[in-house]
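Each chain gets a letter, A, B and so on, in the order the sequences are listed, and its residues count up from 1.
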Amino acid sequence: MSSETEQPDPNTYNFAAIEAKWPSVWDRLGTFTPADDGSRGRRYVLDMFPYPSGDLHMGHAEAFAMGDVVARYYRQQGFDVLHPIGWDSFGLPAENAAIKRNAHPAEWTYTNIETQANSFRRYAISVDWSRRLQTSDPEYYRWTQWLFLRFFEKGLAYRKDHPVNWCPRDQTVLANEQVVNGACERCGSVVTKKTLNQWYFRITDYADRLLDDMEQLEGHWPERVLAMQRNWIGRSAGAHVTFTIEPADGQPERAVPVFTTRPDTLHGATFFVVAADSELASDLVTFDHAAALSTYLEQVKSLTDIERQATDREKTGVFTGRYAVNPLNSELLPVWAADYVLSDYGTGAIMAVPAHDQRDLDFARAFDLPVRMVVDTGDEDPAVTGTATTGDGTLINSGELNGLPKEQAIARAIELVTLQGTGEQTVNYRLRDWLLSRQRFWGTPIPIIHCSDCGEVAVPDDQLPVTLPENLRGEELSPKGTSPLAAVEEWVNVPCPQCGGDARRDTDTMDTFVDSSWYFLRFVSPHLTDAPFDSDAVNRWLPVGQYVGGVEHAILHLLYSRFFTKVLYDLGLVSFTEPFSALLNQGQVLNGGKAMSKSLGNGVDLGEQLDRFGVDAVRLTMIFASPPEDDVDWADVSPSGATKFLARAWRLGTDVTSNPGVDPAGGDRGLRSITHRMVADSAALLQNNKFNVVIARLMELVNATRKAIDSGPGGEDPAVREAAEAIAVVLSLFAPYTAEDLWERLGHQASVASAGWPTVDEGLLVQATVTAVVQVQGKVRDRLEVAPDISEEELRELALATDQVKRTLDGREIRTVIVRAPKLVNIVPR
RNA sequence: GCCCCAGUAGCCCAAUGGCAGAGGCAGGAGACUUAAAAUCUUCACAGUGUGGGUUCGAGUCCCACCUGGGGCACCA
């Protein structure tokens, strides 16, 4: 290119030159290190930390641009801002890469982290680099283990045998939250079930608080995230009612509770169903029916979760040979085993009320079981229509519940079973305990030692961290269904901390979501060596004032972090119960209406975009494209337009000829008014995360300033300097390089990032005259230029006197006149 | 099936219940230029997904529906 040999023009915007100039200056000034001295209000702004999978991509560019706008805004407003960054650096991709390259996962991980860190520096996110952390550092995971042991002590971490989700490709278990439509959310393989002994966190103990505390987040978190969490927790109120299973075939009587949300329909129960794959089913089944059950079970187990969950599937099941006694009317109900009843929800058994539950009705019709209507909803008999009725109505065929409306009947039925001692009011949740152990290498080792005499023994705190062996390579890490750690004899075999006898380390590692459930606390005191975090400092800075990240974490990470925070609150380690006061979900970056992907070949490389348009232009484009929570389609936006705008803004610096510090009071009032309105509006817009509109306001002001220079009062007018300086400060939130350079060209010292938000002169927000709209019956008929402080009376008189109004009214009588001084009059004729 | 969100100009998007347009992209015209790029000036384009309702007045509030996106789903 010939431009390489040409002398650069100092009055031409050259983003590459500007990008080279400022980072070292910012480092020297320490602009982004919080003082934490109490002299200013504190704000904690956090982006969800990245996973180090290669270099940064367009999605990172959007999310981190958003978080940076917020951090930079609070700094301009005079707050002491904590804005850190780190890496969520444990996880499967590193392990898979290591297997492929015959290397250790750390190599791939830390190389990628350096790459990303360099890209973040180039991208000019305003973070305090001294707080950087990696969850795969022993100094970090030592405290993940320490926290695990506190959970363990409280009984919140426990092991149990249970059928779990198993990913056959990744050869590891998955949490419920990681299974999407019956497939592994990471690799897409169809998930199978396996009964294994695994570690769990007792998150279900916190279900109520996780639900109830959402009240604090209402209005500050996106409604859909709250809705998703509510859905996920799935609280339903109802009752436990215990049915007695009659003895049969030499088998004893047995009491089996069911969960129901409709105890009012107890008299409508015509059969009883237990989950086919539950222990209960095999316990109950009589000798005569055992063979049928086991055949059925074979058939059920051959189905994948996806097949099993298809809602339009025909109902299947087998009779167990047993009968249950309805506690309210002593009727005998046949007990069936079926796969439409889930073994791990409720009690794994239900009373079937076919008239008022569609699933039960489908089953009744398939097996020719009786249907008895007990709530008269005014609809036709479900036995005839095949449609169960679930609405409100009056109880019938129900003994002493007869005549009651549904809600009262529910309450009365609960009373009855409670008095009888056969039931009680209760609440059930869809949420299950959090399965946290993984049979993989690259994660936090579970700090437990298994001793044949002492059982599960915690590794003593002073022996933490339990570090990962460093000598494993390639194939030694490949998934075998048990953790690769199990094969490392010298690592596994240790004396029991309690009795000193031979014992073995737990060889599983933790789900990486454990690592990320507390990193926001570690950032406050990242180098602390005797505790996971400094509680006083944490209580000073948290909860996080603004959390920014993708909606893909709406349930997983956010629910787990909320759970951790509540447990830490109960342990007295933090003084708040919700970690993130406000949440902003940025949209996705698409290309041509679709998510960028290799298979579609529509990927856009971030580095290339930065080279072509400059960092500031890419940041500006991301923010300006749409409201933060909407998707950005890269095919619809114009980074070159952003570069042009930045050049326009930057060139103002060349044309401002007054000196820094000049009093703007005598400057052009029109321009001053636009400047002050932009500054005032921007502050309000930023509070509401309307970043895209702030940029539109900035563009407006740049246009007005240009006009003032070229065809108005000229570049020497102090109002022009005032405007240009305001532009530099507000622009610094979005385009830090350009803003810094403009600020320098305006004769100021770095850094514009700490220049302070411009003070708004309220007097300049008031316009000399405003346009009042005169309507007749809601239709605009005339406009009047009036003083902004005109009285309602005056305006009314003026409006009624206009020719347009007289002509439109045409002698009609006036019913009312609505006056909203100084902007509007609406005259309503009879 | 249930729940949440969104539909404004060719496109991306603005608009405390008060004149539908702030900003940008793409497009037309012009100035500058030998020419082009860059820059500057300027212009056009919709009545707000559909149907009702509330109101003096609805893009905005309410109801129903349509379309698109997302979540949950054999959860008793």
Side-chain angles (χ1 to χ4, degrees), chain A residues 12-13 180-181 222-232 234-236 238 258-262 265 273 275 308-313 315 338-342 344-353 356-360 362-363 428-432 551-552 554-555 585 587-588 620-621 624-627 629-633 635-642 644-645 647-648 651 678 681 684-685 690 692-703 706-707 710-711 771-783 814-820 823-829:
Chain A
T12 299
Y13 177 70
V180 179
N181 291 328
E223 184 48 46
R224 63 171 169 158
V225 173
L226 296 176
M228 281 158 81
Q229 294 216 354
R230 257 183 232 114
N231 251 335
W232 191 261
R235 174 158 64 189
S236 57
V258 300
F259 174 73
T260 176
T261 55
R262 294 292 305 276
T265 62
V273 190
R308 224 183 78 87
Q309 284 169 7
T311 46
D312 50 358
R313 239 178 90 227
K315 291 283 179 286
D339 69 348
Y340 85 92
V341 171
L342 307 176
D344 58 353
Y345 182 78
T347 63
I350 62 156
M351 64 174 204
V353 184
H356 306 295
D357 183 290
Q358 190 60 47
R359 296 153 301 182
D360 296 343
D362 293 343
F363 192 86
N428 218 336
Y429 302 92
R430 212 192 68 98
L431 183 70
R432 310 292 152 83
V551 73
E552 66 272 19
I555 296 171
N585 283 139
Q588 277 187 291
L620 195 77
T621 302
F624 182 51
S626 64
E629 57 279 3
D630 286 9
D631 290 345
V632 174
D633 193 329
D636 290 338
V637 296
S638 171
S640 65
K644 273 198 271 186
F645 164 72
R648 229 165 116 73
R651 268 200 316 277
M678 186 280 283
D681 287 356
L685 290 163
K690 296 189 172 186
N692 55 324
V693 188
V694 175
I695 293 173
R697 288 278 183 286
L698 258 178
M699 290 173 166
E700 202 181 341
L701 181 59
V702 168
N703 291 343
R706 182 82 258 159
K707 205 171 255 177
D710 290 347
S711 54
T771 306
V773 176
V774 183
Q775 300 178 334
V776 177
Q777 215 160 10
K779 289 205 172 66
V780 180
R781 297 298 179 183
D782 209 347
R783 296 184 172 82
I814 293 166
R815 190 160 65 133
T816 39
V817 181
I818 315 278
V819 185
R820 294 283 178 273
K823 294 179 77 177
L824 178 126
V825 181
N826 188 11
I827 299 156
V828 188

Do A:Val637 and A:Phe624 pass the side-chain contact (heavy atoms from CB on, under 4.5 Å) test, and can you show the C-alpha distance, the side-chain angles, and the key distance before you say yes or no? CA-CA 9 Å; A:Val637 296; A:Phe624 182 51; over 6 Å; no

Think [X] has a side-chain N or O under 4.0 angstrom from the OP1 or OP2 of [N]?
{"X": "A:Asn703", "N": "B:A22", "answer": "no"}
{"X": "A:Lys707", "N": "B:C40", "answer": "no"}
{"X": "A:Asn231", "N": "B:C2", "answer": "no"}
{"X": "A:Arg430", "N": "B:A73", "answer": "yes"}
{"X": "A:Arg651", "N": "B:C40", "answer": "yes"}
{"X": "A:Ser640", "N": "B:C25", "answer": "no"}
{"X": "A:Tyr345", "N": "B:A76", "answer": "yes"}

Starting at the 5' end of RNA chain B, which residue's closest nucleotide do you reach first, A:Gly641 or A:Ile827?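 Closest to the 5' end, via its nearest nucleotide, is A:Gly641.
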
Residue met sooner reading RNA chain B from 5', once A:Arg783 and A:Asp360 are mapped to nucleotides: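 Residue closer to the 5' terminus by nearest nucleotide: A:Arg783.
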
If I pick the [atom1] atom on [M] and the same atom on [N], what distance separates them, to the nearest angstrom?
{"N": "B:C13", "M": "B:C4", "atom1": "P", "answer": "23 Å"}
{"N": "B:G51", "M": "B:A58", "atom1": "P", "answer": "15 Å"}
{"N": "B:U60", "M": "B:G7", "atom1": "C1'", "answer": "14 Å"}
{"N": "B:C3", "M": "B:C19", "atom1": "P", "answer": "35 Å"}
{"N": "B:C2", "M": "B:C56", "atom1": "C1'", "answer": "40 Å"}
{"N": "B:A20", "M": "B:G59", "atom1": "P", "answer": "8 Å"}
{"N": "B:U67", "M": "B:G30", "atom1": "P", "answer": "47 Å"}
{"N": "B:G57", "M": "B:C32", "atom1": "C1'", "answer": "49 Å"}

Tell me whether A:Asp360 contacts the main-chain N or O of A:Val353 through its side chain, where contact means a donor paired with an acceptor under 3.5 Å.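 Checking the backbone N and O of A:Val353 against the side chain of A:Asp360, a donor-acceptor pair under 3.5 Å is found.
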
Does any N or O in the side chain of A:Asn692 come within less than 3.5 Å of the main-chain N or O of A:Ala625, such that one atom is a donor and the other an acceptor?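 No, because the side chain of A:Asn692 does not come within donor-acceptor range (under 3.5 Å) of the backbone of A:Ala625.
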
How close or far is atom [atom2] of [N] from atom [atom1] of [X], stated in whole angstroms?
{"X": "A:Glu629", "N": "B:G70", "atom1": "CD", "atom2": "P", "result": "17 Å"}
{"X": "A:Asp636", "N": "B:G23", "atom1": "CG", "atom2": "P", "result": "20 Å"}
{"X": "A:Leu824", "N": "B:A58", "atom1": "CG", "atom2": "P", "result": "12 Å"}
{"X": "A:Phe645", "N": "B:A38", "atom1": "CZ", "atom2": "P", "result": "18 Å"}
{"X": "A:Gln777", "N": "B:A58", "atom1": "CD", "atom2": "C1'", "result": "16 Å"}
{"X": "A:Arg781", "N": "B:G18", "atom1": "CZ", "atom2": "C1'", "result": "16 Å"}
{"X": "A:Met699", "N": "B:A14", "atom1": "CE", "atom2": "C1'", "result": "13 Å"}
{"X": "A:Leu698", "N": "B:A14", "atom1": "CG", "atom2": "C1'", "result": "15 Å"}

Regarding A:Ser711, tell me which of base, sugar-phosphate or nothing describes its non-hydrogen contacts under 4.0 Å with the strands shown.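 If one applies the 4.0 Å heavy-atom cut-off, A:Ser711 turns out to touch nothing in the nucleic acid.
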
Nucleotide opposite [N] in a Watson-Crick or G-U pair, distances under 3.5 Å:
{"N": "B:G68", "answer": "B:C5"}
{"N": "B:C56", "answer": "B:G18"}
{"N": "B:A29", "answer": "B:U41"}

B:G23 glycosidic torsion: syn (within 90° of 0) vs anti: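 This nucleotide is in anti.
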
Side chain of [X] - closest among [options]:
{"X": "A:Asp357", "options": "B:C25, B:A76, B:C72", "value": "B:A76"}
{"X": "A:Ala696", "options": "B:C40, B:A22, B:C19", "value": "B:A22"}
{"X": "A:Tyr340", "options": "B:G70, B:C74, B:G23", "value": "B:C74"}
{"X": "A:Arg648", "options": "B:A76, B:U39, B:C19", "value": "B:U39"}
{"X": "A:Asn826", "options": "B:G57, B:A14, B:G70", "value": "B:G57"}

Relative to the ring of A:Tyr340, is the ring of A:Phe363 parallel (under 30°), tilted (30 to 60°) or perpendicular (over 60°)?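 Geometry flag for A:Tyr340 against A:Phe363: tilted rings.
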
Test side chain to side chain contact (heavy atoms under 4.5 Å, CB included) applied to A:Leu226 and A:Arg230, A:Arg224, A:Gln229, the passing residue: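 Of the listed options, the one satisfying the test is A:Arg230.
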
Do you know the tightest heavy-atom contact between A:Gln588 and A:Asp631?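 Looks like N-OD1, 2.7 Å.
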
For A:Arg815, does the CZ atom sit with more than 12 other heavy atoms under 6.0 Å from it, leaving out its own atoms?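 Counting other residues, nucleotides and ligands, CZ of A:Arg815 stays at 12 neighbours or fewer.
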
